[in-house]
There are 2 protein chains.
Amino acid sequence: MSQHSGSEVAEKTGPKTERGRRTLRKLLDAAGEEFGARGYHETAISSITQRAGVGLGTFYVYFKSKEEVFRALVADMGARTRHALSESVKDAPNRLEAERLGIRAYLEFVRTHKSLYRVVMEAQFVAPESYAEYYRVFAEAYRQGLAQAAKRGEISEGNDDVRVWALMGASTFLGLRYGVWDDDADVGAVSQAASDLMINGLAPRPKKNGDASS
Amino acid sequence: MSQHSGSEVAEKTGPKTERGRRTLRKLLDAAGEEFGARGYHETAISSITQRAGVGLGTFYVYFKSKEEVFRALVADMGARTRHALSESVKDAPNRLEAERLGIRAYLEFVRTHKSLYRVVMEAQFVAPESYAEYYRVFAEAYRQGLAQAAKRGEISEGNDDVRVWALMGASTFLGLRYGVWDDDADVGAVSQAASDLMINGLAPRPKKNGDASS
DNA sequence: TTGAAACATGAGTCAACATTCAGGTTCCGA
DNA sequence: TCGGAACCTGAATGTTGACTCATGTTTCAA
């Protein structure tokens, strides 16, 4: 949906008329809902077209195959997530604060996009390439953010590749646990606790004075 | 496999003869390999029985359905993983050190059990109950470990539920990235960097001497 | 030795889709 | 008002693969 890439939609450049664009949108939305609710393999194309309110054959006017919609959905979710995150972080005073805001925004985003979130996770098995790409792009931006922050002294030095994957993993699991499974939990409290861990780690805090290390 | 639970195998108590136990083992091993390599939906029962070297019908002597083997596999992986981890951690002098050892052992375990690892991840979509149970059991033990360590002052206080899920997520993603996708990476370096993040967080370290910030 | 419990087998059944296709319908510029 | 481009449709096709079952074979206790 939205205004992103249009290369995974059929062969050509996309719908030529307004009517076509509306139909495409309806199909993508319906597919997102169905895949998100029932999972890829349990979802029949006919259930997508039914939900979209179009004929079965229409699906193949817009997509070459079942897998293609799925891939389009994953790509779309990637673009949306990156957008939401960069928005939420754009006026953070420093990297540590950006982490706090980012984790919170991420949890909220997952909650409001459960279906597409499940689609992304399932992509690991349905469309591994799309899944890898999703996290590759993400990791790349994240890594640069960390590297620059480290240079500025806002965070410690470290193996950024490893850190990025650990942080993405933490967010992903929290998204699953508190965004998808248990959406009653207090996002504020969770993101606070999470960013505290990411920022300060498990080590006991040196009390305001005295004792630094062994 | 191994000597764990036997309640997910068919209706009855399990094979009565040695011959039967061997066949069951062969089927479980074959199923693990096939599911791990091709994924649940791409794997045909016939390919499992072929790999196991038994007839197709034999499969249904031991399992009620395709999903049942899958669930048995997830449960088995859970038991094995917990065992491997508790072994690796059993004589850690303190919790922080236990984290270090744990993350390292986990990465190594994933590498040597790639197939079953993929099975566990795919369970999220194939057998959600099994997946939730896998992490629930894990989280419970982990949480207690953290709570006790906090009481002893070995780690800081915090929301242990959140921390546990964040830490499990970090390990899981690192397992995927460095255990499954890129098994050339140096496990030692990765687990070192990871545990450093988990223990100390991203916050800049107060340098022993000079310069702290801008 | 024997019979029955345990185990093994693979051809055949059957339902579930993904995808195709031949034939419409709608839209719009000339 | 016409022609063709864009779009729509759903019955029919073909494949795939989980699961059944009727019929063996092996094991072993009595």
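Nothing here was measured: the structure is a model prediction, and the numbers come from that model. Note on naming: letters A, B, ... go to the chains in the order of the sequence lines (proteins, then strands), and numbering restarts at 1 for each one. Both backbone and side-chain heavy atoms feed into the values below; hydrogens, waters and symmetry mates do not.
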Closest listed nucleotide, where the reference is the side chain of B/Val54 and the choices are D/dC19, C/dT9, C/dC7: C/dT9
Roughly how many Å is it from CD in A/Gln50 to C1' in D/dT9, rounded to a whole number? 14 Å
Listed by chain and number, what are the side-chain hydrogen bond (donor to acceptor under 3.5 Å, both in side chains) partners of A/Asp161, not counting sequence neighbours? none
In whole angstroms, the gap separating C1' of C/dT9 from CG of B/Leu27 amounts to 13 Å
Examine the side chains of A/Ser115 and A/Glu33 and answer whether a donor and an acceptor come within less than 3.5 Å of each other. no
Between P on D/dG17 and CD on B/Glu67, what's the gap in Å once rounded to a whole number? 17 Å
Nucleotide by nucleotide, nucleotides 20-30 of chain D touches protein heavy atoms under 4.0 Å in the pattern (B base, S sugar-phosphate only, - none) B-----S----
The salt bridge (charged side-chain N to carboxylate O under 4.0 Å, His left out) partners of B/Lys151 (sequence neighbours excluded) come to none
In whole angstroms, the gap separating P of D/dA6 from CG of A/Leu24 amounts to 16 Å
Can you tell me how far P of C/dC7 sits from CZ of B/Phe63, to the nearest Å? 13 Å
For DNA chain C, find the residues of residues 35-47 of chain A with a heavy-atom distance under 4.0 Å and give them by number; none if there aren't any. A/Thr43, A/Ala44, A/Ile45
Rounded to whole Å, the NZ-P distance (B/Lys16 to C/dA4) equals 19 Å
Can you list every ring-ring contact (aromatic ring centres under 6.0 Å, His included) pair that touches residues 21-40 of chain A, not counting sequence neighbours? A/Phe35-A/Tyr40, A/Phe35-A/Phe70, A/Tyr40-A/Phe70
We want to know whether B/Gln144 and B/Gln148 form a side-chain donor-acceptor pair, criterion being a heavy-atom distance below 3.5 angstrom. no
Round to the nearest Å and state the distance from A/Tyr62 atom OH to C/dA18 atom P. 20 Å
Counting heavy atoms not belonging to B/Glu67, are there more than 12 under 6.0 Å from its CD? yes
Could you tell me how far apart B/Ile48 (CD1) and D/dG17 (C1') are, to the nearest whole angstrom? 12 Å
Contacts table for residues 103-110 of chain B: side-chain donor-acceptor under 3.5 angstrom, sequence neighbours left out:
residue  : atom : partner  : partner atom : Å
B/Arg104 : NE   : B/Glu108 : OE2          : 3.4

Check the side chains of A/Thr172 and A/Arg177 for a donor-acceptor pair under 3.5 angstrom, ignoring hydrogens and angles. no
Closest to side chain of B/Thr23, choosing from D/dC19, C/dA8, C/dT9: C/dA8
Flag yes if more than 12 heavy atoms outside B/Glu140 fall under 6.0 Å of its CD atom; otherwise flag no. yes
